[in-house]
A.B. asks: 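Quick one: the structure is below, questions incoming.
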Amino acid sequence: MKRVAIYGIGSLGTIIGALLTKNGCQVDLIDSYKENIWALQKNGATVTGFMNFNVAVNAYTPDQLSGFYDLVILLTKQTTNIIELPKLLPFLHEESVLCTLQNGIPEQSIAKIVGLHRIVGGVVGFGATWKSLGVSELTSTAEVVQNFAFEIGEISGENTQRIQEIQQLLSFVGATKILPNLMGIRWSKLLMNATFSGMSAALGCTFGDILDHKKAMFCLAHIADETIKVCHASGFEMVKMNGLNMGDLELNFPNDVVNKLPLYHQVWNSHRKLKASMLQDLEKGRPCEIEFINGVISATGKVLNIKTPFNNKVVELIKKAEQNKCVNDFSYISHFNELIDSIY
C-alpha cells in the first residue's frame with residue numbers, strides 16, 4: 001500500500017506511528033489536536049516506558065492533508081467518530097482501506113460513514129499511556145509487543161490480499177496475526193477491556209492494583225463471565241489472545257473464580273502498570289468510551305435477556321464520575337458489595 005496514515009495520535013497512535021517510522025515505513029500521523037501535531041512536527045515522537053526512543057515523524061492536522069490514502073489505521077475514540085470520520089472522506093479513493101483498531105465493536109457504525117467495503121478490523125495487544133504532547137509511555141513489556149501486537153481480519157473472514165498487506169505493515173511494530181473470526185476477536189478484546197479497563201476506570205487504579213485485590217478480582221471475573229455468555233448468545237465464539245482462549249474464563253459455578261485467577265495473572269501480570277485509557281479520559285475531564293465497552297455488553301445482554309449486573313455497575317460508576325467530572329478511588333469497590341452478597 002503506497003500511502004498509509006494513522007488517524008488518532010493518542011497513546012497507541014504515537015507508539016505505533018513511531019515504531020513504523022523507526023523501522024523504515026512511510027506513514028503520516030493525523031490528529032485534530034493541533035498542539036499535539038505541532039509538538040510532533042517540531043520534536044518528533046517520543047516513546048518512554050518499556051521502550052525509550054525518539055524519531056522524527058510526518059504529522060498533520062486534517063486541514064493540512066492532500067491526495068488520497070490507500071490505508072488509514074483508525075485509532076480515534078469511538079466517541080468522536082461522527083465528527084472525525086467525515087474529515088477523512090475527501091482523502092479516500094474507492095479502494096482505500098480503513099483498518100479500525102478501536103475498542104469495542106465499531107465496524108457497523110463506521111460503515112455508515114465510510115462504507116462497509118472499505119473496512120477491516122483488529123485489536124491491539126499492548127497498552128500505552130499518553131504522557132504529554134508528542135510523548136507516550138509503553139506500559140506493556142517489549143516482549144508483549146513483539147509477540148502479541150495485533151490481531152486483524154476481514155469482516156467476511158476471508159484471507160484477502162489487502163489483509164495480508166496490512167499484516168506485513170503492522171509486523172514492523174510487532175507480531176500480527178490474521179484470524180478468520182474477526183467478531184470472535186472483537187468480543188475477546190472487549191472482554192479484556194471490560195474487565196481490567198472497566199475496573200481501572202471505575203476504581204481509579206492500575207491493572208496491578210486490581211490483580212492484587214481479592215474482591216476486585218471476584219468482580220472482574222464476573223464481568224468476564226457475563227461478557228462470554230453474551231458473546232455466545234450472540235452467536236460468536238471467543239478466541240485465543242495473549243496465549244489464552246478467553247472463553248476459558250467462563251464461570252461454571254460461583255466458587256469457580258479461584259480456579260480462574262492463575263489465568264488472569266498469566267496474561268495480565270505483564271500489564272500491571274497500565275492505567276485504562278477510560279481512566280485517563282476521566283482524569284482529563286473528557287467523555288470516555290464506557291458506552292462502547294461495558295455498555296455494549298449491558299445493552300446486548302438486555303436484548304438477549306441475559307443479566308449483566310457487574311457490567312451494569314461498572315457503567316453506572318463510570319458515568320457518574322463522567323457527569324461529575326471526577327475520578328473515583330479504590331473505596332468504590334464497596335459499591336459492588338450488594339452484587340457479591342447476592343451470589344453467596
Side-chain angles (χ1 to χ4, degrees), residues 4-14 16-17 28-37 59-66 68-124 130 152 155 182-183 185-187 189-190 193-194 197-198 201 276-300 302-303 311 314-315 318-323 325:
V4 177
I6 299 173
Y7 198 3
I9 312 304
S11 56
L12 288 172
T14 300
I16 294 169
D28 292 347
L29 279 59
I30 306 169
D31 201 286
S32 294
Y33 186 7
K34 292 182 178 180
E35 289 79 6
N36 191 43
I37 293 299
Y60 305 96
T61 53
D63 60 296
Q64 296 175 318
L65 301 180
S66 62
F68 295 103
Y69 286 98
D70 300 298
L71 170 65
V72 178
I73 299 167
L74 186 64
L75 281 163
T76 53
K77 300 282 188 184
Q78 277 208 65
T79 51
T80 69
N81 279 350
I82 196 167
I83 297 171
E84 297 300 332
L85 288 179
K87 298 176 185 178
L88 268 181
L89 290 176
F91 309 103
L92 302 178
H93 55 72
E94 183 59 28
E95 295 185 1
S96 295
V97 183
L98 192 151
C99 179
T100 172
L101 298 179
Q102 294 173 314
N103 292 326
I105 305 177
E107 283 78 13
Q108 294 302 320
S109 62
I110 293 173
K112 295 176 182 177
I113 302 173
V114 305
L116 188 63
H117 67 287
R118 286 192 170 118
I119 299 172
V120 302
V123 295
V124 182
W130 193 82
I152 60 173
I155 294 174
L182 176 62
M183 297 312 294
I185 299 170
R186 279 291 183 207
W187 276 98
K189 179 63 176 181
L190 186 63
N193 284 325
S197 294
S277 60
M278 288 194 293
L279 176 55
Q280 296 175 53
D281 287 335
L282 291 175
E283 290 173 339
K284 296 167 187 171
R286 298 176 183 170
C288 68
E289 293 185 291
I290 186 60
E291 291 288 0
F292 302 101
I293 300 178
N294 299 78
V296 169
I297 300 159
S298 295
T300 308
K302 186 174 182 180
V303 170
N311 278 284
V314 169
V315 172
I318 294 176
K319 289 185 78 169
K320 283 184 179 178
E322 195 176 66
Q323 292 164 6
K325 294 191 179 299

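One is the number of the first residue; the rest follow in order along the sequence.
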A.B. asks: Measure the OH-CG distance between Y60 and L29 for me, rounded to the nearest 0.5 Å.
C.D. replies: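 Going from the OH atom of Y60 to the CG atom of L29 covers 10.0 Å.
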
A.B. asks: Rounded to the nearest 0.5 Å, what's the gap from CG on L182 to CD1 on I152? Could you check?
C.D. replies: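 Output value for this atom pair is 10.0 Å.
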
A.B. asks: Of all residues at least two apart in sequence or in a different chain, which pass the side chain to side chain donor-acceptor pair (under 3.5 Å) check with E291?
C.D. replies: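 Scan of E291 (side chain to side chain donor-acceptor pair (under 3.5 Å), adjacent residues dropped) gives K319.
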
A.B. asks: Please enumerate all residues that pass side-chain contact (heavy atoms from CB on, under 4.5 Å) together with N311, with sequence neighbours excluded.
C.D. replies: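 For N311, the residues satisfying side-chain contact (heavy atoms from CB on, under 4.5 Å) (neighbours in sequence not counted) are A194, I223, E226, T227, N294, I297, S298, T308.
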
A.B. asks: Quick one: salt bridge (Lys or Arg N to Asp or Glu O under 4.0 Å) partners of K302, sequence neighbours excluded?
C.D. replies: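 Salt bridge (Lys or Arg N to Asp or Glu O under 4.0 Å) check on K302 returns nothing, list empty.
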
A.B. asks: Suppose the criterion is salt bridge (Lys or Arg N to Asp or Glu O under 4.0 Å): which pairs have a residue in residues 70-87, not counting sequence neighbours?
C.D. replies: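 Listed by first then second residue: K77-D281, E84-K87.
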
A.B. asks: Working to the nearest 0.5 angstrom, can you tell me the gap between K189 NZ and I105 CD1?
C.D. replies: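 Between atom NZ of K189 and atom CD1 of I105 there are 13.0 Å.
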
A.B. asks: Could you go step by step and tell me if V114 and L88 meet the side-chain contact (heavy atoms from CB on, under 4.5 Å) rule?
C.D. replies: CA-CA 9 Å; V114 305; L88 268 181; 5.8 Å; no

A.B. asks: Side chains of Y7 and S32, heavy atoms from C-beta outward: is any pair under 4.5 Å?
C.D. replies: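 Yes, close enough: below the 4.5 Å cut-off.
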
A.B. asks: Under the side-chain contact (heavy atoms from CB on, under 4.5 Å) rule, what do I290 and V314 come out as? Steps first, then yes or no, please.
C.D. replies: CA-CA 9 Å; I290 186 60; V314 169; 4.1 Å; yes

A.B. asks: Using salt bridge (Lys or Arg N to Asp or Glu O under 4.0 Å) as the criterion, list what pairs up with K320, not counting sequence neighbours.
C.D. replies: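 Only E316 meet the salt bridge (Lys or Arg N to Asp or Glu O under 4.0 Å) criterion with K320.
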
A.B. asks: Taking C-beta and beyond as the side chain, do S277 and N103 meet within less than 4.5 Å on heavy atoms?
C.D. replies: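 S277 reaches N103 side chain to side chain.
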
A.B. asks: Checking N36 against D31 for the side-chain hydrogen bond (donor to acceptor under 3.5 Å, both in side chains) test, could you report, in this order, the C-alpha distance in whole Å, the side-chain angles of both residues, the deciding distance, and whether it holds?
C.D. replies: CA-CA 8 Å; N36 191 43; D31 201 286; 5.2 Å; no

A.B. asks: Show your reasoning for whether side-chain hydrogen bond (donor to acceptor under 3.5 Å, both in side chains) applies to E289 and N193.
C.D. replies: CA-CA 10 Å; E289 293 185 291; N193 284 325; over 6 Å; no

A.B. asks: Take a 6.0 Å sphere around CD1 of I82 and say whether it holds more than 12 heavy atoms from other residues, nucleotides or ligands.
C.D. replies: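 12 or below, so no.
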
A.B. asks: Taking side chain to side chain donor-acceptor pair (under 3.5 Å) as the test, write out the residues that go with T14, two or more places apart.
C.D. replies: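 With neighbours one apart ignored, the set is empty.
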
A.B. asks: What's the separation between atom CD1 in I110 and atom CG in N81, rounded to the nearest 0.5 Å?
C.D. replies: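 One finds 5.0 Å between CD1 of I110 and CG of N81.
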
A.B. asks: So do the side chains of I293 and S197 get within less than 4.5 Å of each other, counting heavy atoms only?
C.D. replies: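 I293 does not reach S197 side chain to side chain.
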
A.B. asks: Do I73 and T100 make a side-chain contact, defined as non-hydrogen atoms from C-beta onward lying under 4.5 Å apart?
C.D. replies: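 No. Closest side-chain heavy atoms not under 4.5 Å.
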
A.B. asks: Say you draw a straight line from CZ of R286 to OG1 of T80; how long is it, rounded to the nearest 0.5 Å?
C.D. replies: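 Going from the CZ atom of R286 to the OG1 atom of T80 covers 10.5 Å.
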
A.B. asks: Going by heavy atoms in the side chains, are L74 and L101 under 4.5 Å from each other?
C.D. replies: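 Not touching, per the 4.5 Å side-chain cut-off.
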
A.B. asks: Of all residues at least two apart in sequence or in a different chain, which pass the side-chain contact (heavy atoms from CB on, under 4.5 Å) check with E322?
C.D. replies: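 Applying side-chain contact (heavy atoms from CB on, under 4.5 Å) to E322 gives L282, P287, C288.
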
A.B. asks: What's the spacing between T76 OG1 and I6 CD1 if we round to 0.5 Å?
C.D. replies: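 Those atoms lie 12.0 Å apart.
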
A.B. asks: Of all the heavy-atom pairs spanning A201 and M278, show the shortest one and how long it is.
C.D. replies: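 So the minimum-distance heavy-atom pair works out to CB-CB, 3.8 Å.
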
A.B. asks: Counting C-beta onward and ignoring hydrogens, is there a side-chain heavy-atom pair between K284 and W130 closer than 4.5 Å?
C.D. replies: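 Yes. Closest side-chain heavy atoms under 4.5 Å.
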
A.B. asks: Check whether any side-chain heavy atom of I119 sits under 4.5 Å from a side-chain heavy atom of I155, and report yes or no.
C.D. replies: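 Yes. Closest side-chain heavy atoms under 4.5 Å.
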
A.B. asks: Taking only residues two or more places apart in sequence, or in another chain, which ones meet S96 in a side-chain contact (heavy atoms from CB on, under 4.5 Å)?
C.D. replies: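 If we apply the side-chain contact (heavy atoms from CB on, under 4.5 Å) test to S96, skipping adjacent residues, the hits are L92, H93, R118.
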
A.B. asks: Return the set of residues passing side chain to side chain donor-acceptor pair (under 3.5 Å) with T61 (not counting sequence neighbours), or none when no residue passes.
C.D. replies: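 Scan of T61 (side chain to side chain donor-acceptor pair (under 3.5 Å), adjacent residues dropped) gives D63, Q64.
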
A.B. asks: Which atoms form the tightest heavy-atom contact between S109 and Q78, and what is the distance?
C.D. replies: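 Result for this residue pair: OG-OE1, 4.0 Å.
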
A.B. asks: Which residues pass the side-chain contact (heavy atoms from CB on, under 4.5 Å) test with Y69, not counting sequence neighbours?
C.D. replies: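 With neighbours one apart ignored, the set is R3, A5, D28, I30, L65, V72, F91.
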
A.B. asks: Considering only residues two or more places apart or on different chains, which pairs with a residue in residues 88-114 satisfy salt bridge (Lys or Arg N to Asp or Glu O under 4.0 Å)?
C.D. replies: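 Residue pairs passing salt bridge (Lys or Arg N to Asp or Glu O under 4.0 Å), neighbours aside: E107-R186.
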
